[in-house]
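First up is the structure itself, then whatever we jot down about it.
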Amino acid sequence: MDNLNIFRRKIITYLFYAALAVIFSAPVNAATLSLEAALSNMVKLHPLVQIKNLEQQSAAYELGKAESQLGWYFNGSTGASHDLSFFGTPTDKANAGLGLEKTFGFGGRVNLDGSYVYQDDEFTISPQIPNPSASTNFDIKYLHPLGRGAGNPGYQTGIKDAKANQVISQANWQENRDELSKQIIDLFFALAKTNAQIVNTELAINRAKRLKKYTSENIKLGVSEKKDMLQAVARLRASIADKRSLLVIKERQHIALNRAAAFPWDLRVKLAKNITINSIPQHDFDELYEQAKNNSWGLKRSNANIAIAESIIEKSRDLNRDDFNLTLSAGSRNRSGEVSGGDFNESDYAAGIQLEYRRALDRQGLEGELIQAQINKSIGYQRINAITLDLGYQLSSLLSEMRETKASLAISKKRLQAENKKIDEAIKRYRNGRADTSELIQFENDLRFAEFTVTNKQLELKRMSARFDLLIGALWQRINASHQPVGGRANEVHN
């Protein structure tokens, strides 16, 4: 029965490792993936970024629609009728008319109109009235608003709103891009840390194998006991199990990175080892603070929302004004036809000036819209204050963390040197039988921890450097300047 249980355990173990081999047998392309390439691919292919990009393109047409308010408009009409005239006589009429209209940026409006009317009555009450007759009229009218509409606030605010909406759509795109960039930066360096842990674990496996070999030799010499061999084997198996666990984590991180960077889910690449890191900025804090504010999509969007609120306020104030218009007109009149004495043809000019005034008696709705816009403007300023403060905290925190991590890294490197010397000395004593296995395993654990601590802090410093560059806008400036080539498969990803 014991032999059967042992056989079953071996079969289960074999199947477990076979399944892991299938999972991790995905082909790894020789090409390496840099952080810049992952970010560039995200911008080119990620669906959420593309949606925001299309929204930007849509917003770009709003400006053209607003500017078209100042274009010329053409109108025309024609028709014919049979009816009774004012005097009750049957009459036939035909008419045609053409017109042009244009509104100017300062609010004035000009109309050019021409009309033609032909009339044929069955009989007339006087032989001096031409019948049939034709009338031709030409007119030019100019309306200048002195109250509501003066300065054409509808057009001016329309232009301002169109530009503000373009800024908002661009800020929304940048927000989406930067949020995905943060995910990719964190996932990229998390995967790099896991790779470093795997390398560290492989070194531990090699050291455990050497320890097992030394223990076997010492047992033959009578220096070590069977318990020492059991400890060495347990250490070796624990390291192998750690590596397998890390491989599972690595697979999960690979898929998450592929999702964020818009790569195929099954793509497997090697991360670039020569990840660049900038030195800790020595610039004045205020200078870096200004760079972060200039790059902030939140501030851009808030300023644009304030501009829209100001447009609403301007339009509401204009609507609260009374209508007071000055209209000037000039034109020509011509009427021709047949009378009892022969042909009739008479022409004259027409001119006029007119003032119009109108006042709304109930303005509660307009005043409510004005108050809402003023509140929204205040909200916009409060958001700017909140975003500005948060940027300062983010910048200060990143700079402090980078300096502390760099100082801690220097100390960790010195500790690693000491741990290497310590384990070398312990191995010499162990081979001479002057150190036991548990001491050597403890020293090996200390060395393994020191090695990973150095690598982990190096990668963390690089991660913080990338997040810092993202905050002040330097990361995307560098990527756009380098024109990083990217593709959808591993062999299309370049360092």
Side-chain angles (χ1 to χ4, degrees), residues 64-156 158-159 315 318-361:
K65 289 167 60 177
E67 291 175 340
S68 68
Q69 296 179 49
L70 300 186
W72 284 94
Y73 288 86
F74 171 81
N75 61 78
S77 64
T78 184
S81 65
H82 176 80
D83 205 345
L84 294 177
S85 68
F86 179 76
F87 301 102
T89 60
T91 181
D92 295 319
K93 283 185 180 181
N95 64 83
L98 296 175
L100 288 173
E101 179 181 330
K102 178 179 175 60
T103 302
F104 296 98
F106 54 82
R109 185 175 73 244
V110 64
N111 293 80
L112 301 175
D113 296 299
S115 64
Y116 174 82
V117 179
Y118 176 83
Q119 182 172 334
D120 186 4
D121 296 327
E122 188 172 319
F123 60 89
T124 61
I125 60 173
S126 173
Q128 299 302 316
I129 297 176
N131 184 48
S133 65
S135 299
T136 305
N137 299 328
F138 292 100
D139 291 286
I140 178 171
K141 291 183 180 180
Y142 173 72
L143 184 146
H144 187 79
L146 301 174
R148 180 186 298 180
N152 201 348
Y155 168 74
Q156 303 297 340
I159 295 294
K315 286 186 288 188
D318 182 68
L319 291 173
N320 268 315
R321 300 170 70 183
D322 298 337
D323 280 323
F324 187 34
N325 301 322
L326 170 65
T327 303
L328 303 174
S329 63
S332 65
R333 305 287 184 266
N334 177 268
R335 188 177 185 186
S336 61
E338 298 177 3
V339 295
S340 60
D343 294 334
F344 174 87
N345 192 317
E346 184 176 346
S347 298
D348 201 354
Y349 71 91
I353 182 170
Q354 183 174 343
L355 288 173
E356 298 177 347
Y357 177 81
R358 187 177 66 173
R359 177 183 177 84
L361 298 179

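No experiment lies behind these values; they were computed from the predicted model shown.
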Set of residues satisfying ring-ring contact (aromatic ring centres under 6.0 Å, His included) with respect to Tyr73, sequence neighbours excluded: none
From CG (Asp113) to CG (Asn75), nearest 0.5 Å: 6.5 Å
Exceeds 12 heavy-atom contacts within 6.0 angstrom, atom OH of Tyr357: yes
Student check: side-chain heavy atoms of Ile140 and Val110 closer than 4.5 Å: yes
Sidechain-backbone polar pair: Thr327 side chain, Leu355 backbone, donor-acceptor under 3.5 Å: no
Partners passing side chain to side chain contact (heavy atoms under 4.5 Å, CB included) against Asp92 (at least two apart in sequence or in another chain): His82
Closest non-hydrogen atom pair, Gly105 against Gln156: O-NE2, 3.1 Å
Side-chain ion pair, Arg148 and Asp323, N-O less than 4.0 Å: yes
Results of side chain to side chain contact (heavy atoms under 4.5 Å, CB included) for Ser336 - residues two or more places apart only: Ala134, Asn334, Asn345
Any donor-acceptor pair under 3.5 Å from Arg335 side chain to Ser135 backbone: no
Nearest-0.5 Å distance that lies between atom CD in Glu101 and atom CZ in Phe74: 13.0 Å
Any side-chain heavy-atom pair of Leu326 and Tyr142 under 4.5 Å: no
Glu67 to Tyr155 - nearest heavy-atom pair and separation: CA-CE1, 4.0 Å
Sub-4.5 Å side-chain heavy-atom contact between Phe104 and Asn152: no
Tyr118 side chain reached by Tyr116 side chain, heavy atoms, under 4.5 Å: yes
Student check: side-chain heavy atoms of Thr91 and Gln119 closer than 4.5 Å: yes
Distance in Å, Asp120 CG paired with Ser133 OG, rounded so as to fall on 0.5 Å steps: 8.5 Å
For the student: nearest non-hydrogen atoms of Ala66 and Ile159, plus distance: CB-CD1, 3.7 Å
N/O donor-acceptor pair under 3.5 Å between Lys315 side chain and Gly154 backbone: no
Main-chain N/O of Thr103 paired to Arg109 side chain as donor or acceptor, under 3.5 Å: no
Atom pair OG/CD1 of Ser329 and Ile353 - distance to nearest 0.5 Å: 9.0 Å
Closest approach of Asp318 to Ala150 (non-hydrogen atoms, all atoms of both residues): OD1-N, 4.2 Å
Backbone N/O of Val117 and side chain of Asn95: donor-acceptor pair under 3.5 Å: no
Trace of the salt bridge (charged side-chain N to carboxylate O under 4.0 Å, His left out) decision for Arg359 with Asp322: CA-CA 5 Å; Arg359 177 183 177 84; Asp322 298 337; 3.0 Å; yes
